[in-house]
Number of protein chains: 2
Amino acid sequence: MESTDNTAPVVGAGDPSTPAGEGASSESGESAGTEQRIFKAATEVFARKGQAGARMREIAEHAEINPALLHYYFRSKSQLYEAVFAHGFKQFMGGLGQSLKADLDFEESLRTFVHGYIDYIHTHQDMARLMLNECTCGGPILERYLTAAVAKRDEMPGLMMEDRIVAAIESGEIRPVDPQHTMLTIVSSCLFPFVALPTVRIFHPEAADDFEAFVEGRKKHVVDLLLSGLRPAGSAE
Amino acid sequence: MESTDNTAPVVGAGDPSTPAGEGASSESGESAGTEQRIFKAATEVFARKGQAGARMREIAEHAEINPALLHYYFRSKSQLYEAVFAHGFKQFMGGLGQSLKADLDFEESLRTFVHGYIDYIHTHQDMARLMLNECTCGGPILERYLTAAVAKRDEMPGLMMEDRIVAAIESGEIRPVDPQHTMLTIVSSCLFPFVALPTVRIFHPEAADDFEAFVEGRKKHVVDLLLSGLRPAGSAE
DNA sequence: AAACAGTTTAACTATTTGATCAAACTCTAG
DNA sequence: CTAGAGTTTGATCAAATAGTTAAACTGTTT
């Protein structure tokens, strides 16, 4: 009843979780990971051009597949976008959550968070840019997902870290600071340099030459600067 | 000789500086600041949708003018975009430069930079988002403008501040840190919270209620955290 | 008022875009 | 081999898009 009744998959609509749910792989006409190729290409193009600026044909070219396949697998442009976004959002939220549940002191908690955050961002730059794009334009999609995530606070690594800051202030591990601004500074310091990387490269030519070194240097610097900045007054190094 | 020879202004092409060069205002048919209205609307739409995603008709609607006027004043979409970008870039670079030339100690230099940066960003959010958008996609326009600006180092406030950090380390005003990473952290902390403001609002509902308080709080927090983080070992508060 | 330069408008073109569809293809199951 | 479900393709459509143009309009100058 719902539109033409051919045998179409359309995985993105029903289960916006994994890019190509391996569980229901009904390999027949040698798909060869067509769906995953679409997904990856879509992530790149959406990240660069945004939802409105991205062209379906460009995604198809990037994935080296026939443009019609985009609609075969994802029905429409908006559904493809939402599938990509939802996957990234879930991955982003889920990845860090676990590592923070261990009961470490503040210094180790911060180190874990910063290292994990930077590792994720620099290995998923496209997804990070896509998310930021959504943040800047303040579209309804992000708001929908974000408010849902904020509800169950203990699954948002950012909010967990914020709670950790509050606790550390109370226990005297760090000096009294505004937890929300501090959290904002942490996220900014980890995220921004990689999102704006094309620009950073112009100022840091060495970041292009030895990227891994730049990433590790970034981790060290952020943790070091924050720990120094948050150390209680009077406590020596 | 250059295309049709009607009497067209096209200010954006020749002099990409001020949005509506008041010098050559040839007021006849009651323009009523049409060009400035276009400019402002274009900034908003380009910031939200990017160069590729923005639609000329949307800009025209936003400016409440006839779509054809966009081409009358700016010839093409790409020239309109470049005019908007160039204006923002020049304004961005020029504004902070002067304030840093005064010979202040490091603490005051940092305070001046952070306050000036945040003031500019939060009063020109659209322009900041547009610039960041250009940063993320790494288009040729930004690279062209940026490399030109880096050449004359003493006109880039960011690089001037970085030089100030190096000097402060040598003079012992602050402890030895990586100047480039430190600079990145400063810029990140000032820029990101306002660029991603729609998202921040979900976590900081009070930022929406009393925006001015949030801005001032942000300035204080960033300066405070950085000064603490950079203070030489052993020096009391 | 007549001429004129600058501005605004609506109608138009050519191209691009997202989306659809029937036909062809591929592999497996019977 | 044949039937059939799932997949891929090229052709095609309607809507949207950037850009053009001639005519109408505005105010100023003569």
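This structure is a prediction, so every number in the text was calculated from the model and none was measured. Each chain gets a letter, A, B and so on, in the order the sequences are listed, and its residues count up from 1.
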*asked:* Is it true that, when you exclude B:E143 itself, more than 12 heavy atoms of the residues, nucleotides or ligands shown sit nearer than 6.0 Å to its CD?
replied: no
_Closest approach to the side chain of A:Y72, judged atom by atom: which nucleotide of C:dG6, C:dA10, D:dT7 is it?_
D:dT7
*What integer distance in Å separates A:L70:CG from C:dC21:C1'?*
16 Å
*What is the distance, rounded to the nearest whole Å, between atom CD of B:E64 and atom P of C:dT7?*
20 Å
_On a heavy-atom basis, which atom in B:S189 and which in B:R218 lie closest, and how many Å separate them?_
O-NH2, 3.1 Å
_When you measure from the side-chain N and O atoms of A:T34 to the phosphate of D:dT7, is any distance below 4.0 Å, counting only OP1 and OP2?_
no
*Taking CD from B:Q51 and C1' from D:dT17, how many angstroms apart are they, rounded to a whole number?*
15 Å
_Distance check needed: D:dT9 C1' versus A:L69 CG, whole Å only._
8 Å
*asked:* What is the distance, to the nearest angstrom, from the CG atom on A:N66 to the C1' atom on D:dT12?
replied: 13 Å
*Value in whole Å for how far the P atom of D:dT17 lies from CD of A:E58*: 18 Å
*Output, in order, the C-alpha distance, side-chain angles, deciding distance and verdict of side chain to side chain donor-acceptor pair (under 3.5 Å) for B:H221 and A:T185.*
CA-CA 9 Å; B:H221 163 85; A:T185 302; 2.8 Å; yes
_Looking at A:D119 and A:K219, is there a salt bridge between them, counting it only when a charged N and a carboxylate O are closer than 4.0 Å?_
yes
*Measure the distance from CD on B:E35 to P on C:dG6 and round it to the nearest whole Å.*
14 Å
_Cation-pi geometry met for A:R201 and A:F211 (6.0 Å, 45°)_ = yes
*Check against side chain to side chain contact (heavy atoms under 4.5 Å, CB included), B:H124 and B:Q91*: CA-CA 10 Å; B:H124 299 78; B:Q91 191 187 38; 3.6 Å; yes
What's touching nucleotides 16-19 of chain C from the protein side, N or O pairs under 3.5 Å?
from, atom 1, to, atom 2, distance (Å)
C:dG18, OP1, A:A54, O, 3.2
C:dG18, OP1, A:M56, N, 3.3
C:dG18, OP1, A:K77, NZ, 3.2
C:dG18, OP2, A:M56, N, 2.9
C:dG18, N7, A:R57, NH1, 2.9
C:dG18, O6, A:R57, NH2, 3.4
C:dA19, OP2, A:H71, NE2, 3.2
C:dA19, OP2, A:K77, N, 2.7

*Given atom CD1 of B:I65 and atom C1' of D:dT26, what is their separation to the nearest angstrom?*
17 Å
